[in-house]
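Predicted model only: the values in this text are computed from it and were never measured.
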Amino acid sequence: MKFTDSPVIDLQVLNSHLSFHQDNGSMHVGTSVWSCSLVLVKFAERWHPSTAAAGNNNPYADLLNFTGKRGIELGAGCGVGSMGLFLLGLNDIVVTDIAPVMPALKHNLKRNKPVLKKALKTAHLYWANEAQMKALGPHPFDVVVAADVVYIEESVGPLVETMVELVAEDGVVLLGYQVRSPEAHLLFWEKCGEVFEIEKIPHEHLHPEYAYEETDVYVLRKKKQNSVENKKAS
């Protein structure tokens, strides 16, 4: 189920106002705004180090301090995650999706350029495509952003492979998540459990106005045991 069928979705991030146009007539899910991206951005805003509400007892101050960090969004769709986190300080971010979604993504980036004050970098990326990942330039990235990207079982393997390839050893994957397919859901968390330490953000820590029961935020970090075992072997 989509967040709303309204052709325009508005989102306030700090003191800025983003506006996204979605194509209700499209056959591609990426041309719609889904709730996971909104929930992820508003969680980051709630606990961003610059917000007074976070105070001195902010458990996510380091996680959401984007100063000097590089990011990439996978399956960006209309670009909600990228643009929202850009306004929260993730100023070096590459926004990616597949070719059929690019017109909608670029339209929304252009639509919000007066707010963003710059044109964000975009790139075609079919998950696990080695040539396209190489064309992204220097990687890994400090922050990999993904929202509502787990919905087809066949794409789970390439998605997890891409996350592992693109996130730095000490980086994080910020994931907005909702169960779309039971089969994809089980496979995704099975594969993630092999390579990532998984932290689920408590629901009460989400933004109170964007804490939908069916939507969660996760933080994924690469498991360190692989590098430890490699050192022992050498």
Side-chain angles (χ1 to χ4, degrees), residues 1 3 29-30 33-49 54 58-66 69-77 79-82 84-85 88 90 93 95-97 127-128 140-153 155-226:
M1 181 177 178
F3 175 68
V29 295
V33 173
W34 302 89
S35 57
C36 290
S37 57
L38 304 170
V39 171
L40 178 59
V41 170
K42 294 301 284 188
F43 157 74
E45 179 196 48
R46 179 183 181 184
W47 297 100
H48 191 263
N58 182 355
Y60 308 109
D62 291 337
L63 172 69
L64 300 174
N65 181 357
F66 299 128
K69 293 182 179 177
R70 298 173 61 245
I72 186 169
E73 184 174 13
L74 308 180
V80 176
S82 295
L85 295 184
L88 293 170
L90 190 57
I93 186 167
V95 195
T96 73
D97 213 314
W127 298 332
F141 295 87
D142 303 300
V143 182
V144 172
V145 182
D148 218 335
V149 291
V150 182
Y151 50 89
I152 300 175
E153 189 175 5
S155 70
V156 166
L159 171 61
V160 176
E161 182 181 333
T162 302
M163 289 177 170
V164 172
E165 172 72 19
L166 294 183
V167 71
E169 292 299 322
D170 57 350
V172 296
V173 178
L174 296 180
L175 176 69
Y177 188 83
Q178 183 171 339
V179 179
R180 298 294 184 183
S181 156
E183 295 79 13
H185 169 74
L186 291 173
L187 182 60
F188 177 74
W189 290 114
E190 176 186 339
K191 287 187 172 295
C192 279
E194 296 171 357
V195 290
F196 289 116
E197 299 290 349
I198 301 166
E199 175 189 356
K200 183 179 180 180
I201 300 299
H203 225 252
E204 61 268 24
H205 287 182
L206 301 180
H207 192 288
E209 295 177 16
Y210 290 81
Y212 309 124
E213 183 178 355
E214 68 278 8
T215 303
D216 291 295
V217 172
Y218 290 86
V219 180
L220 311 181
R221 296 178 173 89
K222 278 186 177 178
K223 286 187 173 181
K224 303 299 183 184
Q225 64 184 35
N226 294 332

Minimum heavy-atom distance between Pro140 and Arg70, given as atom pair plus value: O-NH1, 3.3 Å

Side-chain touch Cys192/Val160, heavy atoms, less than 4.5 angstrom: yes

Selection residues 182-192 - residue pairs positive for salt bridge (charged side-chain N to carboxylate O under 4.0 Å, His left out), sequence neighbours left out: none

Residue list, ring pair (Phe, Tyr, Trp, His ring centres under 6.0 Å) with His203, at least two apart or on another chain: none

Backbone N/O of His205 and side chain of Trp47: donor-acceptor pair under 3.5 Å: yes

Euclidean distance, Glu161 CD relative to Ser155 OG, rounded to 0.5 Å: 12.5 Å

Partners passing ring pair (Phe, Tyr, Trp, His ring centres under 6.0 Å) against Phe196 (at least two apart in sequence or in another chain): none

The single option from Trp127, Tyr177, Phe188 passing side-chain contact (heavy atoms from CB on, under 4.5 Å) against Val149: Trp127

Shortest non-hydrogen separation from Gly84 to Val41 and the atoms involved: CA-CG1, 3.8 Å

Nearest heavy-atom neighbours spanning Ser37 and Gly81: CB-N, 4.3 Å

pair Val167-Leu220: side-chain heavy atoms closer than 4.5 Å: no

CD1 on Ile201 to CG on Asp216, rounded to 0.5 Å: 10.0 Å

Distance in Å, Glu213 CD paired with Leu206 CG, rounded so as to fall on 0.5 Å steps: 12.0 Å

Side-chain donor or acceptor of Lys224 paired with backbone N/O of Glu169 under 3.5 Å: yes

Close side-chain approach of Phe66 and Ile93, heavy atoms under 4.5 Å: no

Passing option when Leu174 is tested against Val217, Leu90, Leu85 for side-chain contact (heavy atoms from CB on, under 4.5 Å): Leu85

Residue from Asp170, Val172, Val173, Val164 passing side-chain contact (heavy atoms from CB on, under 4.5 Å) with Lys222: Val164

From OG (Ser35) to OH (Tyr210), nearest 0.5 Å: 11.0 Å

Asp142: salt bridge (charged side-chain N to carboxylate O under 4.0 Å, His left out) partners, not counting sequence neighbours: none

Exercise: identify the closest heavy-atom pair between Thr96 and Leu74: OG1-CA, 3.6 Å

For the student: nearest non-hydrogen atoms of Ser82 and Ala76, plus distance: OG-CB, 4.5 Å

Heavy-atom side-chain contact between His207 and Phe43 under 4.5 Å: no

Between CG on residue Leu64 and CD on residue Glu45, distance to nearest 0.5 Å: 11.0 Å

Asp148 side, atom CG; Thr215 side, atom OG1 - distance, nearest 0.5 Å: 7.5 Å

Which residues share a side-chain contact (heavy atoms from CB on, under 4.5 Å) with Tyr151, sequence neighbours left out: Val29, Arg180

Sidechain-backbone polar pair: Lys69 side chain, Phe141 backbone, donor-acceptor under 3.5 Å: no

Set of residues satisfying salt bridge (charged side-chain N to carboxylate O under 4.0 Å, His left out) with respect to Glu199, sequence neighbours excluded: Arg221

